[in-house]
Amino acid sequence: MYEVSDPYDCLNCPLQDCRGLRPLEQKQRAYMTDFKDGEVRCERGDTILCEGEHARSLYTVLEGVLIRYRSLEDGRRQIVNFMFPGDLVGLQGAFDEPASHTVEALIAARMCVFPRSDFTSLIKEHPRLGYDLTWLAAKEETELEGHIVSLGQRSAKERVVYLATWLLDRALATGVADERNTLSIPVTQSQIADMLGLSLVHTNRTIRALDREGLVEWSARELCVPDLEKASDFSGFDRSGRGSRPFI
């Protein structure tokens, strides 16, 4: 990671225009201008946070997509989530706990940096922002429940379609995907397998089958879900009530 020499002024935050994010009030943005401790950029594959590490900072994703995963001693890993613009990185560190996971850049990313030591003052000065942080934590737990159901109950095809639909839904809401329902990110089949608990061979066969059926088109650098409603029905992904997410 490296520091950005020309960080955004929070009063002109680019996330204000994301249709899937709830804009901050002007007084909140004015406060965040003082609270913010600069910005950083990272390239694909860079590590933002390491499992077991006590984070010194919190980060809000401005641009790019990250992955969050846990590792076993033998090197195997379980990807537990993907992170999009507006998502907060390092929340566990805000409560003086070591990180339970590693966060890595899936594509080049840009993030706001906030000092962990000032976290309590943010809640004291702006209780609404503290509530928003709680909401984000609760929302992520709900999303993780959906992924756990995939691991335990959905078929291989349903798992892949559910993940693809969830990714595209998040990407559309944050301006990462285009209106053709296409998301240009280099997710490898190995990473898909790591997320879904499938073997690499089974993942490859499943993706090819879904492509033939017209449900999901997933190449090395691009994901397309031609019919989101059809894919949602097939996988049991609920797109109703997708309100605006808060961000810090």
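Note that the structure is a prediction, hence the values are computed from the model and not measured.
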Between the side chains of Asp9 and Arg29, is the shortest nitrogen-to-carboxylate-oxygen separation below 4.0 Å, so that they form an ion pair?
no
Donor-acceptor contact present, side-chain Gln28 to main-chain Glu25, <3.5 Å
yes
Is it the case that one hydrophobic cluster holds both Val4 and Tyr8, taking links as side-chain heavy atoms less than 4.5 Å apart, direct or via other members?
no
If you define the side chain from C-beta out and look only at heavy atoms, does anything of Val216 sit under 4.5 Å from Phe234?
no
Please name the pair of heavy atoms, one in Cys224 and one in Arg180, separated by the smallest distance, quoted to 0.1 Å.
SG-O, 3.9 Å
His101 versus Arg68, side-chain donor and acceptor atoms under 3.5 Å:
yes
Could you tell me which non-hydrogen atom of Phe247 sits nearest to which non-hydrogen atom of Gly86, and how far apart they are?
CB-O, 3.6 Å
If only atom types and distance count, is the side chain of Glu222 paired as donor or acceptor with the main-chain N or O of Ser219 below 3.5 Å?
no
Would you say Leu167 and Tyr162 make side-chain contact, with heavy atoms under 4.5 Å?
no
Nearest heavy atoms of Leu24 and Gln16, plus distance in Å:
N-OE1, 2.8 Å
Is there a side-chain contact between Tyr59 and Leu88, using heavy atoms and a 4.5 Å cut-off?
no
Closest approach of Ala193 and Thr203, non-hydrogen atoms and distance?
CB-OG1, 3.4 Å
Nearest heavy-atom contact between Val103 and Met83 is CG1-SD, 4.1 Å
Are any of the side-chain heavy atoms of Tyr69 and Glu104 separated by less than 4.5 Å?
yes
Does the pair Leu66 and Val61 meet the rule for a side-chain contact (heavy atoms from CB on, under 4.5 Å), with working shown?
CA-CA 9 Å; Leu66 315 176; Val61 182; 3.7 Å; yes
Can you list the steps and then say if His147 with Val80 is a side-chain contact (heavy atoms from CB on, under 4.5 Å)?
CA-CA 8 Å; His147 297 311; Val80 296; over 6 Å; no
Strictly distance-based, threshold 3.5 Å: is any side-chain N or O of Asp87 a donor or acceptor partner for the main-chain N or O of Phe84?
yes
Among Leu58, Ile48, Val113, find the one that has a side-chain contact (heavy atoms from CB on, under 4.5 Å) with Val89.
Ile48
Any side-chain heavy atom of Ile248 within less than 4.5 Å of one from Leu129?
yes
When you check the gap from the basic side-chain N to the acidic O, do Lys36 and Glu39 get nearer than 4.0 Å?
yes
Does Glu229 pair with Arg239 as a salt bridge, N-O distance under 4.0 Å?
yes
Is the side chain of Thr102 donor-acceptor paired with the backbone N or O of Glu51 at a distance under 3.5 Å, no angle test?
yes
Quick check with a 6.0 Å cut-off and a 45 degree axis cone: is Arg170 positioned over the face of Phe82's six-membered ring?
no
For Arg56, is the CZ atom crowded, meaning more than 12 foreign heavy atoms sit under 6.0 Å from it?
no
For Lys230 and Asp233: C-alpha separation, side-chain torsions, deciding distance, then whether side-chain contact (heavy atoms from CB on, under 4.5 Å) applies.
CA-CA 5 Å; Lys230 183 179 179 181; Asp233 289 342; 5.8 Å; no
Show your working on side-chain contact (heavy atoms from CB on, under 4.5 Å) between Glu141 and Glu145 and close with a plain yes or no.
CA-CA 6 Å; Glu141 181 177 345; Glu145 288 172 355; 4.1 Å; yes
